[in-house]
Every structure is written in C-alpha cells, then in structure tokens.
K.L.:
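Got a structure for you, written out below as structure tokens; questions coming shortly.
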Amino acid sequence: MTSVGIIAEYNPLHNGHVYHIQEAKKRTGADYVIVIMSGNFVQRGAPAIVDKYIRTKTALLEGADLVIELPSYYATSSAQYFARGAIYLLHKMGVLDFLCFSSECGDLSSLSHAACLLEKESTAFKHSLHLFLKKGYSFPMARTYALQSMGHSSPLLFSPNNLLAVEYLQALRYFKSPIRPVTMKRMGASYHDLSLSTLYPSASGIRNSLQHSLHPLEELAVPLSSQSLLKDTPFLYSNDFSSLLFYQLLMNEKDGFSNYVDVSLALSKRIQKNINSFLSFTQFCHLLKTKELTYTRISRSLLHIMLGMRKETFLQFSEGTMTNYIRILGFRKSSSLLLTSLKKKSQLPIISKLADAKKTLTKKEQWLLSEDIRISHIYESIKTSKTGQPIQNEYTRPLIIHSP
C-alpha cells in the first residue's frame, strides 16, 4: 500500500486541482491520496470562499481519500511556516511515501538546488539579501535576487508555486523526512492571472468572477460534481470581515500592533497613522501597501490582528514540535485500510471527534485545537450574518464520509 500527499487550499477546487490529484496517483503509482488542507482562512491572508467542510466534500468527490485540516496558525502563515506545518503533519503520519506538488518550472533538480542554497544561507547570501532589502525590495524579491547572485540563474522564486515548492523541499530536509518529493508543471493560467480563457484558469480568476458575478458557476472550470455543493452555500470574501477588522484595529490602536504575527513595528505605525482612512479590508490593504510590503503580507498581518493571533503564541507552535495532532475532516469509505495503517503508525494523536479530543491531547495541544475552533466560529459568525441561519458549532459537525 502506497500513498501520496497533496498540500492544498481548494479555494475553490477546480479542474486544475482534479488534474493534479489524478496525475499525483498516476506518477507515483499510489493507492491513496492524502490531502492536507487549510481550514476556513488561507495563506494569502483571506477567508476561504466556502467553508472547510464544503471543500472537504469536493476533494473527496474528485479523488482524495483522506482530508486533514492544517491548523490556522500554519494555514495563514508565511510560506516557510505554511510548508513546515503541513510537512510535519505528513511526516508524523507515518504512512506517506510521496509528496506531489505543482510548480511553474516543473524541474525538481532546480528547485532542490535553490532549497539547498537557501538552507545553507552562507555569509555571502545573507550579505546579498541585506543589500537588496536595503534597496527597498520586498523580502520575496530580495531573496530571489540574492539567490541569483549566488549563481542560481533562474528567477525561480518570483513564481508563487515555485516558492512554495522550495519551502516544501526545505521542510522535508528540516524534518529529515523519507517522503519522496515529486513535482509537476503547473497547467493553465498563472497563480495571479484572472483570465478565464484557458482550460485550467487559476483559483484567483474563479474567485474574482464569482465575486463580481462575471460568469455563472456553470461556465467556470469547476467540476460538475462540485457545482451543486457550491451553489448551496454563500461565498465569503475579505470585505465581509471589514467591520470585525476595524473593531479590532480600534481596540488595539493605542498599544500598537507589533505583537501580532507578521506585523513589524514599521507596519504597526503605518496602521496607526492611517486607521481613520479605513473603508474596507481590501481598501486598507491597498492603502498600506508599499514597495517593501506586498499586498499579501499586509493582508496576512491584518488577518492575524483580526483573529487575535499573537507572536508569543505563534512561537510556541512554530519551532521544534510544530503541529501536535492530526484532525480528520473527512475520508472515503473505501480508504479503511489507509485509516487502519494511520492509527498504527501515526506519531501524533488522531482527532476524528472533537468531544473526545481531551482524552488524547496535552494541555498545550488542547489550547491549539481550541484556537482553531474559535477561529472557525469567527468564520461561521460572518457566514451567519449573510445567510440568517444559526451558527454551526464545530462540536456538532460530523466527519465528511464519502461513499462512491
């Protein structure tokens, strides 16, 4: 029995994701696909367009065998900790043979070379990085130019999927994991491309079309089996959380924001200076954006403020042991052998029912889980404000079990 892991957001799941799942099994010969998926908030610093349970259902419908939640402290973090949190889970599960990820270059050797250079971070590399940062480049751009100055000729890290791929490879090395990496070239539109003209448009393009009602769901590159699920749920966007964010900004204005994850002292002062010009979540991101601070970095920072995610807490879960449990969101009935193997080999406690979590988790692990539950309820509260329906409590949500 072999299995392949995929780290994803499925925000929303589209034809390119289906192709990825199918190719992952084909290229590795794996019997099972295990997906580590972000919860209700995602890495670019925004709410998922639909909740994690709907996205779990779509993943299982399209070929995933098991879906595990990546806790919010990692799911909304920078690429490094997003990758480390997910890889740690896959590594400690003890049942993974392969990790399959897409990249713009599709060349594992080039990605591995970049990962090796970044891991070593020689004195020359650090000096070069410092010089580019001093010139006003954002950290991703400065790191790419520093990498080029060390002899890596390709502008590899300019591309989002390449960047994540390199972080996955670094994380595998960091944990000394035997999981074998496999990369495939990203198909269709680029990550930021809003065009819907290709067979495989980006998730960004699909979200943009849905948000502005440019095309009906039936005309988008979303699998037919998933369309009915998406039709029956409201779509959430960053601006739906504007009032909540503004409230948190006002509550913390006097003390500043540099104690929140990803918020530098300079950004904290910039927020304080511009707080009276706040109109909406996205408007404020654009207002705060500078040459050094990317929109995504600012969006993540504001999301952390809104969700009350502080640096002191993050440090407890970002070094050493990392994630401390495996929370199952859903699985296929046909994957019983995989689940049996997971229960035998996992080095982390497995959570399939929240009510039973206290029996197996330490106090520190319980606290991390309670944070994820709190954050999920924040998402649910905003969804309720759009639908008028009662909040769905995490403790009452059953596992998603798919019977093909």
K.L.:
Is a side-chain N or O of H212 found less than 3.5 angstrom from the main chain of L214, in a donor-acceptor match?
P.N.:
no

K.L.:
Is NZ or CZ of K364 both nearer than 6.0 Å to the six-membered ring centre of F317 and within 45° of the ring axis?
P.N.:
yes

K.L.:
Is there a donor-acceptor contact under 3.5 Å from the side chain of K185 to the main chain of D107?
P.N.:
no

K.L.:
I would like to know whether H286 and Y295 meet ring-ring contact (aromatic ring centres under 6.0 Å, His included); could you show each step before the answer?
P.N.:
CA-CA 7 Å; H286 285 294; Y295 180 96; 4.8 Å; yes

K.L.:
Atom NZ of residue position K311 - does it have more than 12 heavy atoms of other residues, nucleotides or ligands inside 6.0 Å?
P.N.:
yes

K.L.:
Can you name the one residue among I350, I179, I34 that meets side-chain contact (heavy atoms from CB on, under 4.5 Å) with M93?
P.N.:
I34

K.L.:
So, using salt bridge (Lys or Arg N to Asp or Glu O under 4.0 Å) as the criterion, who are the partners of K386 when residues are at least two apart?
P.N.:
D240

K.L.:
Going by ring-ring contact (aromatic ring centres under 6.0 Å, His included), name the pairs with one or both residues in residues 19-70, residues two or more places apart or in two chains.
P.N.:
Y19-Y200, F41-F241, F41-Y379

K.L.:
Do any N or O atoms from the side chain of S385 and from the backbone of I382 form a donor-acceptor pair under 3.5 angstrom?
P.N.:
yes

K.L.:
With side-chain contact (heavy atoms from CB on, under 4.5 Å) as the test, pick out the partner of Y73 among T313, D372, L307.
P.N.:
T313

K.L.:
Return yes if some donor-acceptor pair links the side-chain N/O of T340 with the main-chain N/O of S336 below 3.5 Å, else return no.
P.N.:
yes

K.L.:
Using modelled atom types only, decide if a donor and an acceptor are shared between the side chain of S3 and the backbone of V33 within a distance under 3.5 Å.
P.N.:
no

K.L.:
Show the nearest heavy-atom pair for residues S177 and H91, with the distance to one decimal.
P.N.:
OG-ND1, 3.2 Å

K.L.:
Between R55 (side chain) and N11 (backbone), is there a donor-acceptor pair under 3.5 Å?
P.N.:
no

K.L.:
Which atom pair, heavy atoms only, marks the closest approach of F281 to S299?
P.N.:
CE2-OG, 3.7 Å

K.L.:
When you measure from the side chain of D65 to the backbone N and O of S335, does any donor-acceptor pair fall under 3.5 Å?
P.N.:
no

K.L.:
Begin from the C-alpha positions of H17 and Y10 and carry the test ring-ring contact (aromatic ring centres under 6.0 Å, His included) through to its verdict.
P.N.:
CA-CA 7 Å; H17 295 133; Y10 296 150; 4.9 Å; yes

K.L.:
Quick one: salt bridge (Lys or Arg N to Asp or Glu O under 4.0 Å) partners of E253, sequence neighbours excluded?
P.N.:
none

K.L.:
Output yes when a side-chain donor or acceptor of N162 lies under 3.5 Å from a complementary backbone atom of C105, and no otherwise.
P.N.:
yes

K.L.:
So does E394 pair up with R397, basic N to acidic O under 4.0 Å?
P.N.:
no

K.L.:
Around M1, counting heavy atoms of other residues, nucleotides and ligands shown, do more than 12 lie under 6.0 Å from its CE?
P.N.:
yes

K.L.:
Between E365 (side chain only) and T362 (backbone N and O only), is there a donor and an acceptor less than 3.5 Å apart?
P.N.:
yes

K.L.:
Both conditions, 6.0 Å and 45 degrees, for the charged tip of R84 above the ring of Y174: are they met here?
P.N.:
yes

K.L.:
Quick one: does Q366's side chain have a donor or acceptor within less than 3.5 Å of a partner on L361's backbone?
P.N.:
yes

K.L.:
Output the distance between atom CG (L96) and atom CG (L90), rounded to the nearest 0.5 Å.
P.N.:
4.5 Å

K.L.:
Decide yes or no on ring-ring contact (aromatic ring centres under 6.0 Å, His included) for Y81 and Y74, but give the supporting numbers first.
P.N.:
CA-CA 6 Å; Y81 290 106; Y74 308 108; 8.0 Å; no

K.L.:
Using a 6.0 Å cut-off, check whether atom CD of E218 has over 12 heavy atoms from anything other than its own residue.
P.N.:
yes

